[in-house]
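Numbering of residues begins at 1 and proceeds along the displayed sequence. Keep in mind that what you see is a predicted model, and the values were worked out from it rather than measured.
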Amino acid sequence: MLINRRASEGKEAVHGMIIDFDCALRIDESTEREVRPEMTGTFPFMSINNLDVCSKAKRTELDDWESMIYVLCWLGTFGVNKSDMEKQKSVINGLGSPDILKWRDNSSWEVAKTKRYDMNYESGFASKIVARFVAEESYVPLMKLVIGLRKELFDNRQLSSMARGSLQIPTNRFILSLTSISELDDSHGTDVKKEYWDDCCGPEVVDQFERRAACADKIADALLKVIVNARTHALESAASEQSS
């Protein structure tokens, strides 16, 4: 399990546990590897990049963040403890199988395709995935957390429109001939061009995941702020309940 991709930079060291060394290979940046998602992860919790064998995007900490979102969604859907899990079984039997099970019961390519559609728009994510969370007040913070994380990862407003979303963009689109990313963005029609985190990529880079990978550290910082804010709010709520 990878806990942190970046150095501690003088702060307290982050500790974790790494397992499955019997499946490990010694590699470096120049090592060419065949991507075999059916051998290297658990489909429901794998990032779209890691599921899609055709993806050319660099693997970064954003893949880990995306996986964490899927884990939280799974817990929200099926419960975080035995009691909630038992309750959810009867709910699921009455409402039918949740869409999240499609993240498990298909090939890696099909799961990647399903996740692209589920994660592309906040409205779709909320209605198809979050709407099937355990219907109790205690799960509301988790609902807000996963919605916030999805937004920062896939719809961060510091990214150009070319870097947002999760659906594949056809490579023959007119954007290949653009000279300015701003022609596709919120700044279109204004006198001042807004600067985006993914401006380091040229307009010829049409894959959203590739563009986001180029500024992964900034997106990761935004995602971390969501976690910190959620933790702060949880602590304040707990303190308020104890005082009352």
Counting C-beta onward and ignoring hydrogens, is there a side-chain heavy-atom pair between T42 and F45 closer than 4.5 Å? yes

Under the salt bridge (charged side-chain N to carboxylate O under 4.0 Å, His left out) test, which residues partner K89, sequence neighbours left out? E86

Enumerate donor-acceptor pairs with a distance under 3.5 Å from any side-chain N or O in residues 124-144 to protein atoms, sequence neighbours excluded.
{"unit_1": "S127", "atom_1": "OG", "unit_2": "S123", "atom_2": "O", "d": "3.0"}
{"unit_1": "S127", "atom_1": "OG", "unit_2": "G124", "atom_2": "O", "d": "3.3"}
{"unit_1": "K128", "atom_1": "NZ", "unit_2": "D118", "atom_2": "OD1", "d": "2.8"}
{"unit_1": "R132", "atom_1": "NH2", "unit_2": "G96", "atom_2": "O", "d": "2.8"}
{"unit_1": "E136", "atom_1": "OE2", "unit_2": "K87", "atom_2": "NZ", "d": "3.4"}
{"unit_1": "Y139", "atom_1": "OH", "unit_2": "V80", "atom_2": "N", "d": "3.0"}
{"unit_1": "Y139", "atom_1": "OH", "unit_2": "D84", "atom_2": "OD2", "d": "2.6"}

Using the rule that two of Ile, Leu, Val, Met, Phe, Trp, Tyr join whenever any of their side-chain heavy atoms come within less than 4.5 Å, decide whether V71 and F154 are in one cluster. yes

Would you call L62 and N49 a side-chain contact if the rule is heavy atoms closer than 4.5 Å? no

W65: which residues meet the ring pair (Phe, Tyr, Trp, His ring centres under 6.0 Å) condition with it, sequence neighbours left out? none

Is K113 paired with D52 through a side-chain N to carboxylate O contact shorter than 4.0 Å? no

In Å, rounded to the nearest 0.5 Å, how long is the span from OH of Y117 to OG of S166? 10.0 Å

So which heavy atom on I69 is nearest to which on R150, and how close? CD1-N, 3.9 Å

Which residues pass the ring pair (Phe, Tyr, Trp, His ring centres under 6.0 Å) test with Y70, not counting sequence neighbours? W103

Point-to-point distance, once rounded to the nearest 0.5 Å, from CE of M119 to CG of L153: 7.0 Å

Please tell me if the side chains of Y121 and D155 come closer than 4.5 Å, counting only heavy atoms from C-beta onward. no

Can you check side-chain contact (heavy atoms from CB on, under 4.5 Å) on E66 and I48, steps first, answer last? CA-CA 8 Å; E66 187 181 339; I48 294 171; 3.2 Å; yes

As an exercise, state the distance from CZ of R211 to OG of S161, rounded to the nearest 0.5 Å. 8.5 Å

Side chain to side chain donor-acceptor pair (under 3.5 Å): pairs with one or both residues in residues 230-243, sequence neighbours excluded: none

Could you tell me if the side chain of K225 sits less than 4.5 Å from the side chain of E152, heavy atoms only? no

Distance, nearest 0.5 Å, that separates SG of C215 from CG of D221: 11.0 Å

Those residues at least two apart in sequence (or on a different chain) that pass side chain to side chain contact (heavy atoms under 4.5 Å, CB included) with D105 are L101

Is a donor from one side chain sitting under 3.5 angstrom from an acceptor on the other, for S47 and N50? yes

Would you kindly check if the NZ (Lys) or CZ (Arg) of R212 is within the cone defined by 45 degrees around the ring axis of F209 and under 6.0 Å from the six-membered ring centre? yes

If you take all heavy atoms of S160 and D198, which pair is closest and at what distance? OG-OD2, 2.5 Å

Between OG1 of T114 and CG of D99, what distance do you get to the nearest 0.5 Å? 9.0 Å

With heavy-atom distances below 4.5 Å as the criterion, would you say the side chains of I100 and C73 are in contact? yes

In this structure, OG of S108 is separated from CG of L51 (nearest 0.5 Å) by 6.0 Å

Within the structure provided, determine whether F43 and R104 are in side-chain contact (heavy-atom separation under 4.5 Å). no

Taking every heavy atom of K151 against every heavy atom of E122, the minimum-distance pair comes out as CD-OE1, 3.9 Å

Shortest non-hydrogen contact from E61 to A220? CG-CB, 3.8 Å

Are L149 and M68 side-chain neighbours, meaning at least one heavy-atom pair lies under 4.5 Å? yes

